[in-house]
Peer 1: 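The following block contains the structure, expressed as structure tokens.
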2 protein chains.
Amino acid sequence: MNIAWDDLRTVLMLVRHQTLAGAGAALSINYTTVARRIRRVETGLGHLLFERSADGYRPTEAARIVASHAENMETSEFDLRRKLQGINPELSGCLTITAPQLLISHFLAPVLDQFDRAFPQIELRILATNDILDLTRLEADLAIRISRNPGDMLKGLRLLKQENASFAAPGMAAQIQSDPKAMIDWIVYDAIPNVPQGIDPTYPNNRVRFRFDDMVAMLGAAQAGLGVVRVPMFLGRAVAGLVEVPVLPPQPYSDVWVVGHPDVWPSEKARAFREVLIAYCKQHRANFTS
Amino acid sequence: MNIAWDDLRTVLMLVRHQTLAGAGAALSINYTTVARRIRRVETGLGHLLFERSADGYRPTEAARIVASHAENMETSEFDLRRKLQGINPELSGCLTITAPQLLISHFLAPVLDQFDRAFPQIELRILATNDILDLTRLEADLAIRISRNPGDMLKGLRLLKQENASFAAPGMAAQIQSDPKAMIDWIVYDAIPNVPQGIDPTYPNNRVRFRFDDMVAMLGAAQAGLGVVRVPMFLGRAVAGLVEVPVLPPQPYSDVWVVGHPDVWPSEKARAFREVLIAYCKQHRANFTS
DNA sequence: GCAAATACACGCGTTTTTGCACGAAGGTCG
DNA sequence: CGACCTTCGTGCAAAAACGCGTGTATTTGC
């Protein structure tokens, strides 16, 4: 008569992943165990939940109903874990931060060092990705993001105003300076596949030479002298082998924010990290604008 | 990192019951297991959840937070089980009905017999109680209730209009008839502790002799000739050793309803039971009014 | 048309979880 | 003040759950 809640979670995972192995991996258990739990919950509820086939378990209508309620339970679990994280007074344990790779590698790395020295009991976990992680699902405790506002229902603090500008390898920079009317090759980001707006009329001839989907590769190409890139000012300045070129005058760009879920935001560990982070940003804010 | 949902339920039960043994009984597990699970979830979450003392486990603030979220999960579980019950097309398995004891013993018993003969695959479970069971928590699938409306958010169908009247043992009835002006002793229900209103002026002298908290005992007392009772008409007529006395003319009384949760209501088993029930009530509705 | 890959089913040995019996501590009542 | 009741903690054996290896069916790719 009594149904195990963990079995409901197993159903949810199987509905999501369609295969025993996939669900097992998501739960960090063997797929055989998934199969056993499914059989158990099926007999317990008195409903067939999946049609077994050679290419996986196909959920029945009943399974979808189970899954949707298990999803509510999962939401409650995340709510709970965030709340507990928020009231945790310890300055020890794990703290997960996410930020764009390039922001970490070319600017934030010293913050990590400082924080680790100041709070050696806290194990810092860094997720360096351009993906927008789901802070509601506790994929990270705090996120450092480049955007116009915190977004969603998140709490946020603006760390830095920033501008972007045009950069190129020194050789190319010299060539542009010596012949402003010559054709200027641009390396642009896939998402905005045109020559930037607002180019100084001194340089009338511009074209897109390459479109990239990855900023790291773009910087490499620019370093190799393949063209001019528009990047945030801190980044162009921080990358060796690039110099600013006056083709594109500095323009306002999305700001740098630290954001977090309201539940997690007040936690001691998050507060401690923000303190170190804010101090560091204040100290180096000149890097971000002209 | 991963927290077992069943452990959260265990925390919920311990917060509710305060003692390991109580929580264990509620979960049908040994109390040592409760203690072990609590320890496990405490280390898993990194929060102390209970203060151990000789008279039980006292929840901390963190435990209350866990419990409140586990309560949401429990609600989801009940939602789920009702939904599944509602879409269950089987005419087999268990069906739980609740009704007031006296309604069952003096009127509904034949329905149970008929239903069991018509649907032998369905195991009928009867909760004969005057308590209002929580259909949301699936304490019963259907309830037969004496009330003015279905109540809550429940679906309902009015089965019978009924009236009540005054009954007494034959000896007492004869005495009342022979001497209408003599003092008439009443046996009344605790909840309404006065002589009923609307008594025929032919019988001017009335007093409360006993107040009871239990209807079965009241009937016994009336059978023994201790006084006059006001009861639903079907009941006075069905009980051996009582006859109607004209002291209190028949009055409208709360009706008989069958009610159920909207999720469970459309289930095949519930539908089948209602069919038998309604037919039986139609056939015998004359018993309930004058 | 055949081989590789993928996915499930089943049986066996191991690990984990659970229940039970016993003992200690604190509170209650005569 | 002492017997009794309730409650929790611990050690041990039984039971349940689990992971692994093997076998089979079906799909995919060449």
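We name chains A, B, ... by the order of the sequence lines, and we start the count at 1 in each one.
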Peer 1: Keeping the roles fixed (side chain from A:D213, backbone from A:D190), state whether a donor-acceptor pair exists under 3.5 Å.
Peer 2: no
Peer 1: Just how far, in rounded Å, is P of C:dT17 from CZ of B:R39?
Peer 2: 13 Å
Peer 1: Would a distance-only check, ignoring hydrogens and angles, find a side-chain to backbone donor-acceptor pair under 3.5 Å from B:R274 to B:W265?
Peer 2: yes
Peer 1: At what distance, to the nearest 0.5 angstrom, does CG of B:L102 lie from CG of B:L108?
Peer 2: 11.0 Å
Peer 1: What nucleic acid atoms does B:R36 come within less than 4.0 Å of, heavy atoms only: base, sugar-phosphate, or nothing?
Peer 2: base
Peer 1: Which nucleotide sits closest to the side chain of B:L20: D:dA17, D:dC8, C:dA9?
Peer 2: D:dC8
Peer 1: Using whole Å, what does the distance between atom P of nucleotide D:dT27 and atom CD of A:Q18 come to?
Peer 2: 16 Å
Peer 1: Roughly how many Å is it from CG in A:D55 to C1' in C:dA5, rounded to a whole number?
Peer 2: 14 Å
Peer 1: Quick one: A:R52 CZ to C:dT6 C1', roughly how many Å, whole number?
Peer 2: 18 Å
Peer 1: From the options C:dG19, C:dA7, C:dT17, select the nucleotide whose nearest atom is closest to the side chain of B:T33.
Peer 2: C:dG19
Peer 1: Output the rounded distance in Å from CD1 (B:I38) to C1' (C:dT18).
Peer 2: 15 Å
Peer 1: Look at B:R37 and C:dT18 and indicate whether a side-chain polar atom (N or O) is within less than 4.0 Å of OP1 or OP2.
Peer 2: yes
Peer 1: Could you state the atom-to-atom distance from OH of B:Y57 to C1' of C:dG26 in whole Å?
Peer 2: 15 Å
Peer 1: Using atom OH of B:Y31 as one end and atom P of D:dG9 as the other, report the distance to the nearest whole Å.
Peer 2: 9 Å
Peer 1: Check B:E71 with B:R16, please: is the shortest side-chain N to carboxylate O separation under 4.0 Å?
Peer 2: yes
Peer 1: If you round to the nearest 0.5 Å, how far is CZ of A:R82 from NE2 of B:H69?
Peer 2: 7.5 Å
Peer 1: For D:dC20 and A:N30 - does any side-chain N or O of the residue sit under 4.0 Å from the phosphate oxygens OP1/OP2?
Peer 2: yes
Peer 1: Have a look at A:T32 and say if it touches a base, only the backbone sugar-phosphate, or nothing, with a 4.0 Å heavy-atom cut-off.
Peer 2: base
Peer 1: Between D:dC18 atom P and A:D7 atom CG, what is the distance in whole Å?
Peer 2: 8 Å
